[in-house]
Amino acid sequence: MTYVTSIGLDVHARSVSTCAFDPFTGEVAQRTFGTDAAEIAGWILGFEEPKAVYGSGPTGFALCRELRAPGVDCVVGAVSRMQRPSAERGRFSRFPTAGSYASWLGLAPSERSSGEKEARGGITKTGNSASRRALVEAARHFHSRSPKPKAAPAGYEVPAAIKGRADDATERLSRRHGALRAAGKRARVANAAVARELACWVRGIGRRAEGTLG
């Protein structure tokens, strides 16, 4: 089943914290519930094509079964196999600049020095590998992006100012990727460079979601 809204659940014995992310708008919605599965399901089903997931633990699979009963697409993930980039990252506001976030992801170019000479090499690949791979994979698609992007679903429209900025960013990243390839750069080099700029954009969205961008 395809889905639009990603929903994470943090399940405890007496409470369930939820977080929904809409990739079309970048909007994040959060709410904390008690243990009433029907109430949680009603909230989840209010989003377009939602998919919910939570980590296996002491609470087991009971909530998953109760959420599936009214039609929620819910899965339980094995914690030992789940990537946890968000937990490692913390709040976006802890990164003073967009470049510092890109560096944390390992998307900054490496540097080598010998005497008075300095040279830059490939990206450092330090930091969070899961987030870095996701950004590099996303950057690869700017090379062949559609000239007419898919419109947001009905009811998920965003303010013109936000859409305009997103369109400008997409156009910029697409031109950047094309220019690098036209200059003879290898595909993986172009992907890494565009992924670095995309990371800066992600930080901006994250800080807006946190309410920490002045």
Side-chain angles (χ1 to χ4, degrees), residues 1-94 101 104-106 127-141 149-158 162 166 195 198-199 201-212:
M1 175 181 177
T2 59
Y3 64 96
V4 171
T5 310
S6 301
I7 298 179
L9 309 177
D10 187 11
V11 182
H12 299 275
R14 295 185 176 86
S15 66
V16 178
S17 297
T18 62
C19 181
F21 173 66
D22 185 333
F24 286 98
T25 66
E27 293 179 300
V28 175
Q30 296 176 306
R31 186 170 170 183
T32 299
F33 297 88
T35 57
D36 186 341
E39 184 182 11
I40 299 170
W43 184 78
I44 293 174
L45 292 173
F47 296 94
E48 181 174 3
E49 298 182 25
K51 187 179 185 72
V53 61
Y54 67 90
S56 59
T59 55
F61 292 78
L63 178 61
C64 183
R65 290 193 293 268
E66 293 173 352
L67 291 176
R68 286 177 176 176
V72 173
D73 183 2
C74 181
V75 296
V76 178
V79 174
S80 61
R81 297 184 180 182
M82 293 172 69
Q83 301 282 2
R84 306 197 67 175
S86 295
E88 294 174 16
R89 167 182 51 75
R91 293 178 64 84
F92 282 102
S93 56
R94 79 181 180 91
Y101 176 57
W104 178 78
L105 291 169
N128 189 281
S129 60
S131 294
R132 182 175 61 253
R133 284 196 300 269
L135 287 168
V136 171
E137 175 62 21
R140 184 174 66 85
H141 293 282
K150 181 180 177 182
Y156 280 72
E157 295 82 3
V158 298
I162 294 177
L198 183 58
W201 174 251
V202 168
R203 174 184 172 273
I205 292 175
R207 291 203 60 179
R208 281 180 172 78
E210 294 172 351
T212 58

Considering all heavy atoms of both residues, which atom of Gly55 and which atom of Val76 are nearest to each other, and what is their separation?
C-CG1, 4.2 Å
Using 0.5 Å steps for rounding, measure from the SG atom of Cys74 to the CG atom of Leu63.
6.0 Å
When you compare the side chain of Val75 with that of Lys51, does any pair of heavy atoms fall below 4.5 Å?
yes
Side chains of Thr18 and Phe33: closer than 4.5 Å at any heavy-atom pair?
yes
Side chains of Val72 and Ile40, heavy atoms from C-beta outward: is any pair under 4.5 Å?
no
Hey, what do you get for OG1 (Thr212) to CZ (Arg94), rounding to the nearest 0.5 Å?
12.5 Å
Tell me whether the guanidinium CZ or amine NZ of Arg203 lies under 6.0 angstrom from the six-membered ring centre of Trp104 and within 45° of its axis.
no
Could you grab the distance from atom OG1 of Thr32 to atom NE2 of His12, nearest 0.5 Å is fine?
9.0 Å
Under a 4.5 Å cut-off applied to non-hydrogen side-chain atoms, are Thr5 and Phe21 in contact?
no
If I compare all heavy atoms of Tyr54 with all of Cys64, which pair ends up nearest, and what's the gap?
OH-N, 3.1 Å
Rounded distance [0.5 Å steps], CZ in Arg207 versus OG in Ser93
6.0 Å
CH2-OH distance between Trp201 and Tyr101, expressed to the nearest 0.5 angstrom:
14.0 Å
When every non-hydrogen atom of Pro50 is compared with those of Ile7, the smallest separation belongs to CB-CD1, 3.8 Å
